[in-house]
Number of protein chains: 2
Amino acid sequence: MDLRRLRYFVAVAEARSVGKAAERLRMAQPPLSVQIRKLEAEVGAPLFRRGTRGMDLTEAGQALLARAGEALALAADGVEAARAVAAGRRGRISIGYMFALANAVLPRLIPELRRSIPGVELHFAELSASTREARLLDRSVTVALCMPAINHPEIQVARVGAQPLMLAMPIRSPLSRLGAVPMAKLHGRPLIALPRPEQDPASSAVTALLRRHQVVMPIASRVETVHSAMSLVLAGEGFAILPACAKLGAPQGIVFRPLRDATDSIDVAVCWRRDSHSPLIRTFLKCAEKVVAPM
Amino acid sequence: MDLRRLRYFVAVAEARSVGKAAERLRMAQPPLSVQIRKLEAEVGAPLFRRGTRGMDLTEAGQALLARAGEALALAADGVEAARAVAAGRRGRISIGYMFALANAVLPRLIPELRRSIPGVELHFAELSASTREARLLDRSVTVALCMPAINHPEIQVARVGAQPLMLAMPIRSPLSRLGAVPMAKLHGRPLIALPRPEQDPASSAVTALLRRHQVVMPIASRVETVHSAMSLVLAGEGFAILPACAKLGAPQGIVFRPLRDATDSIDVAVCWRRDSHSPLIRTFLKCAEKVVAPM
DNA sequence: GTCAGCCCATATATTTTCGGTATGCCAATG
DNA sequence: CATTGGCATACCGAAAATATATGGGCTGAC
């Protein structure tokens, strides 16, 4: 079965004439006549009744016509859908993000995306840092919102903003009465730490900050996520040094205070596979920049 | 768009490899590779990610694949449907019949047809003689059950049985006490006549019968259908000479009596357009013969 | 009745496209 | 570093599609 034959068939059926159909198809009449007869040979039955005033579908022809039109439309639609996906007008983008950014970014990011790419299905997944990396690599997420960026040769990174580091503590802590906490006050206090520097440069910003101010904080616990860190802070296990936006997801009873004399910040980045060329990624990046930069 | 390309595309997508797909398609690998690239050029976007271990659909490719499979199935289904219709395994047959045959024939004909051609849609239309002819000619009915046959150069006829002529009268008529009515008793009595001989040879059987027996019956009324004839008989307008099977559709109060010494009968025929070659017509004819002949 | 016109079918030539073979290129692997 | 697996490219012969020219049947007009 050849789609061209079906197209010709439909044209002849609609024109009820080989000659008229040939004209509409911008071709000569004899080859069209030949193609129709070949189609009839392939089906094994006449599809048209030849009269002296044109052609007319037989019952078998009507049965074929009903499906042929749909098949043509479906094939055309398939090509169009592929083009739309390739152009980023349709399709889906799966977005991995971290808990700490959810409340700060998503409420503004989602409407922005809906405006830019209305035909695109959006998927969101809150993922830990290591899962974000794994799922970027296996393509089960298209882009990841990270803080800080993922460091991997296959993964491309674009910085879209930064978040100052702040001290998170229980409201009952005496330090919470200060407007800004001097670094020196942290010395010796227990720290809730995020993953090790070599796995996640996030905590390296914190260790660099402490080292520069010659502050030593014993590590009370290590946790995987910002969320866990805040739970432990609330439980009184210690202090955490977190990006400012985490405040928006913090439970009652935790307060954030700036660190006096410390302008350290941590980058917010969009990450994606180097070999993903979907235009949706560019669009997503633009939206993320617009939303994150002013924070 | 060419269906072959789509078929190749689906094969490669399923095999996730040009080489494997080529093997399954019984062709060499290079031409398949060429066709895939042509398809990609036509779509205007890559459909596969080429890795070192085969090929993998891009998002655009997935969008196309979803429709391509359906389009292929639909095209194949269309051809199969056309074949089935041409072979008489599917489709529809529209059957025009006359009132007088409805009760006598349809209850046995319909199950017979359902058994012979279970996949075929049956349409029934009770039609007057002239309408049957017109609708055969414009193909809005496929076959007609007639009594007697239609006489027209475009229409082919097959006799499938015969019905003896009987006298229909009100039960209160004195003649109804006779087991069989001698022809001579009809002389001078009013006749409810069906359409003129030149339009419908049905009544010519009646006039021939009367002429042969030298019986004269004044025409009380002319009616279009057997049904009307019986209504007038019941109303006491006169007598009618009708095929025996009309008895099954007769209202209460009418009796049928054989005519002594008159073996005249009227043919039951199946009629169809000479240029209709559907195998359904042959099948219908067989069923009608089986059902009508023993009557 | 004949003649012109319309429409589809057939025949032949040309062009396009397809499929096969040979070969190249790249990456992963031992 | 050679080998292997997999896709891409090059080129050639074959098949199929298209165009032009022509034939033949039916219709309708003069």
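Quick note on labels: first sequence line is chain A, next is B, and so on, each numbered from 1.
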Heavy-atom closest contact ([X] atom, [Y] atom, distance):
X: B/Ala11; Y: B/Leu25; result: CB-CD1, 3.8 Å
X: A/Ala22; Y: A/Ala28; result: CB-O, 3.7 Å
X: A/Ile150; Y: A/Glu133; result: CG2-OE1, 3.5 Å
X: B/Ile93; Y: B/Leu280; result: CD1-O, 4.0 Å
X: A/Val10; Y: A/Ala68; result: CG2-CB, 3.9 Å

In whole angstroms, how far is the [atom2] atom of [N] from the [atom1] atom of [X]?
X: A/Leu47; N: C/dA9; atom1: CG; atom2: P; value: 12 Å
X: B/Leu25; N: C/dG20; atom1: CG; atom2: C1'; value: 15 Å
X: B/Leu3; N: C/dC18; atom1: CG; atom2: C1'; value: 16 Å
X: A/Asp56; N: C/dC8; atom1: CG; atom2: P; value: 11 Å
X: A/Arg37; N: C/dC8; atom1: CZ; atom2: P; value: 12 Å
X: B/Ile36; N: C/dG19; atom1: CD1; atom2: P; value: 11 Å

Practice task
Step through the shown structure and confirm whether more than 12 heavy atoms of other residues, nucleotides or ligands are within 6.0 Å of CZ on A/Arg16.
Solution key: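 No, the 6.0 Å shell around CZ holds no more than 12 heavy atoms from other groups.
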Exercise for the section: List the protein contact pattern of nucleotides 23-29 of chain D with one symbol per nucleotide (5' to 3'): B for base contact, S for sugar-phosphate-only contact, - for none; contact means a heavy-atom distance under 4.0 Å. Expected result: ---SS--
Practice task
With heavy atoms under 4.0 Å as the rule, sort B/Gly54 into base, sugar-phosphate or nothing.
Solution key: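 Contact class for B/Gly54: sugar-phosphate only.
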So which protein N/O to nucleotides 15-19 of chain D N/O distances come out below 3.5 Å?
| residue | atom | partner | partner atom | Å |
| --- | --- | --- | --- | --- |
| D/dA17 | OP1 | A/Arg5 | NH2 | 2.8 |
| D/dA17 | OP2 | A/Lys38 | NZ | 2.5 |
| D/dA17 | O5' | A/Gln35 | NE2 | 3.4 |
| D/dT18 | OP1 | A/Tyr8 | OH | 2.5 |
| D/dA19 | OP2 | A/Ala28 | N | 2.8 |

Handout entry: Salt bridge flag under 4.0 Å for residues A/Glu59 and B/Arg139
Key =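 Looking at A/Glu59 and B/Arg139, the cut-off is not met.
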Exercise for the section: Identify whether the distance between the nearest side-chain nitrogen and carboxylate oxygen of A/Arg89 and A/Glu80 falls below 4.0 Å. Expected result: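 Yes, A/Arg89 and A/Glu80 are salt-bridged.
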